[in-house]
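The structure appears below as structure tokens.
Source: prediction; values computed, not measured. Below, each value reflects all heavy atoms present in this structure, side chains not excepted, and no hydrogens, waters or symmetry copies.
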Amino acid sequence: MEYLEKITKNPYKDLFWNIPSEQKKGVASVIGGNGQNFKTPMKTAEFLAGEFPLKEVKVVLPDVLKPKLPPLGNLVFLKTTDTGSFSEADEIRAAIDNVDFSLIVGDLSKNAITAKIFGKALTASNKPLLLTRDAIDLVTGEGMDKILMRENLTIYGSILQWQKIFKSVLYPKILQPSQSLVQVAEAFHKFTLSYPVQVVAFHDGQMLIAKNGKVAVVPLVQTAYSPLTIWSGELACKILALNLYNPDKFIEATVAAMFK
């Protein structure tokens, strides 16, 4: 299978040289949280700002949290509903458009209104965006076909989340957790020929990265991560940063992010 590459060592170490060593470059945003929970976006943004030479890392939160947090310059508060979730799609779209790369990390309220708002915001912008954790579950449903046609979108999820995505758009190729690595790789090969979405998936101890029909497979045991730490937000931050500093090299930059 010419489209499939199995990787056990980092062949793209040279991409780290493109990370600025003196002058900071790029502005990123971490979007997430609700009226009761904002720990994940705050911790993720702190890691991203501390590990990479970005000019600024903004944290985009519901404004119901404003009285609970100190007046930090990188906090951006958007309008919320009475239940403490984001309420304006145009504000979310603007938050995405006003930076170089956004990470929607989750802790979002799970309701139809929030799902509709984020679905509308995602399809209205083509700026680089990474969607992960429970943010995937929120938007998977009606309108997912439009989201998947969005340029510069990376979805980083589990095989179960990708199974739901496939089902939501009635994709004819079956995706099951019980399938072999070759079967899953073939599914993503065909899926990314149908949609421009950039895929990061975890299946049976393997990380799969796919775009434009090409699929790279990296055994997790060969990386710097475990089945638990891949969801902490740190790997998502590394994927964001290396793709920001290495545009148009999605598979190479994402593979490189998985190694020390």
**Request:** Among residues two or more places apart or on two chains, list those pairs meeting salt bridge (charged side-chain N to carboxylate O under 4.0 Å, His left out) that have a residue in residues 75-104.
**Result:** Arg93-Asp97
**Cluster companions of Leu228 among Ile, Leu, Val, Met, Phe, Trp, Tyr (side-chain spacing under 4.5 Å)** = none
**Request:** Applying side-chain contact (heavy atoms from CB on, under 4.5 Å), name anything that partners Thr83, two or more places apart in sequence or on another chain.
**Result:** Thr81, Ser85
**Prompt:** What pairs with Lys110 under side-chain contact (heavy atoms from CB on, under 4.5 Å), at least two apart in sequence or on another chain?
**Reply:** Asp134
**Item:** Hydrophobic cluster (4.5 angstrom, side-chain heavy atoms) - remaining members for Leu61
**Value:** Phe38, Met42, Val59, Val64, Leu65, Leu69, Leu72, Leu75, Phe77
**Item:** Spacing of Tyr195 atom OH and Phe188 atom CZ [to the nearest 0.5 Å]
**Value:** 13.5 Å
**Request:** Scan side-chain atoms only and decide if Asp137 and Gln161 contain a donor-acceptor pair under the 3.5 Å cut-off.
**Result:** yes
**Closest heavy-atom pair and its distance - Gly213, His189** = O-ND1, 2.6 Å
**Message:** If you define the side chain from C-beta out and look only at heavy atoms, does anything of Leu54 sit under 4.5 Å from Leu244?
**Reply:** yes
**Prompt:** Do the side chains of Lys58 and Val99 get nearer than 4.5 Å, heavy atoms only?
**Reply:** yes
**Check against side-chain contact (heavy atoms from CB on, under 4.5 Å), Val199 and Thr192** = CA-CA 8 Å; Val199 171; Thr192 55; 3.7 Å; yes
**ring-ring contact (aromatic ring centres under 6.0 Å, His included) pairs, two or more places apart, involving residues 79-132** = Phe86-Phe118
**Any side-chain heavy-atom pair of Asn152 and Lys127 under 4.5 Å** = no
**Prompt:** Should Pro196 and Met149 count as side-chain neighbours, where that means a heavy-atom distance under 4.5 Å?
**Reply:** yes
**Item:** Polar contact flag, side-chain donor to acceptor under 3.5 angstrom, Ser232-Thr229
**Value:** no
**Item:** Asn212 and Lys214, any side-chain heavy atoms less than 4.5 Å apart
**Value:** no
**Prompt:** Side chains of Leu181 and Asp204: closer than 4.5 Å at any heavy-atom pair?
**Reply:** no
**Asked** So, for Ile136 and Gly157, which heavy atoms are closest and what is the spacing to 0.1 Å?
**Response** CD1-CA, 3.6 Å
**Request:** Indicate yes or no: at least one non-hydrogen side-chain atom of Met1 is less than 4.5 angstrom from one of Val215.
**Result:** no
**Prompt:** About how many Å separate SG of Cys237 and NZ of Lys43, when rounded to the nearest 0.5 Å?
**Reply:** 11.5 Å
**Residues forming a side-chain contact (heavy atoms from CB on, under 4.5 Å) with Glu5, sequence neighbours excluded** = Ile7, Tyr12
**Complete:** Looking only at heavy atoms, the pair that brings Asn243 and Lys249 closest together is OD1-O, 4.1 Å
**Message:** My understanding is that only residues two or more places apart in sequence, or in another chain, count here; which of them pass ring pair (Phe, Tyr, Trp, His ring centres under 6.0 Å) with Tyr171?
**Reply:** Phe166, Phe191
**Message:** To check you understand the geometry: which heavy-atom pair defines the closest contact between Gly32 and Pro41, and what is its length?
**Reply:** C-CG, 3.8 Å
**Request:** Using the ring-ring contact (aromatic ring centres under 6.0 Å, His included) rule, collect all pairs that involve residues 212-251, keeping only residues at least two apart or in two chains.
**Result:** Tyr156-Trp231
**Prompt:** Does any pair with a residue in residues 156-178 pass salt bridge (charged side-chain N to carboxylate O under 4.0 Å, His left out), and if so which ones, sequence neighbours excluded?
**Reply:** Lys173-Glu186
**Item:** Heavy-atom pair of closest approach, residues Leu15 and Ala256
**Value:** CD1-CB, 4.5 Å
**Pairs satisfying ring-ring contact (aromatic ring centres under 6.0 Å, His included), at least one member in residues 197-217, at least two apart** = none
**Prompt:** To the nearest 0.5 Å, how far apart are CG in Leu129 and CD in Gln198?
**Reply:** 10.5 Å
**Prompt:** Any side-chain heavy atom of Leu242 sitting closer than 4.5 Å to one from Phe16?
**Reply:** yes
**Request:** Not counting sequence neighbours, which residues clear side-chain contact (heavy atoms from CB on, under 4.5 Å) with Gln183? List them please.
**Result:** Gln179, Ser180
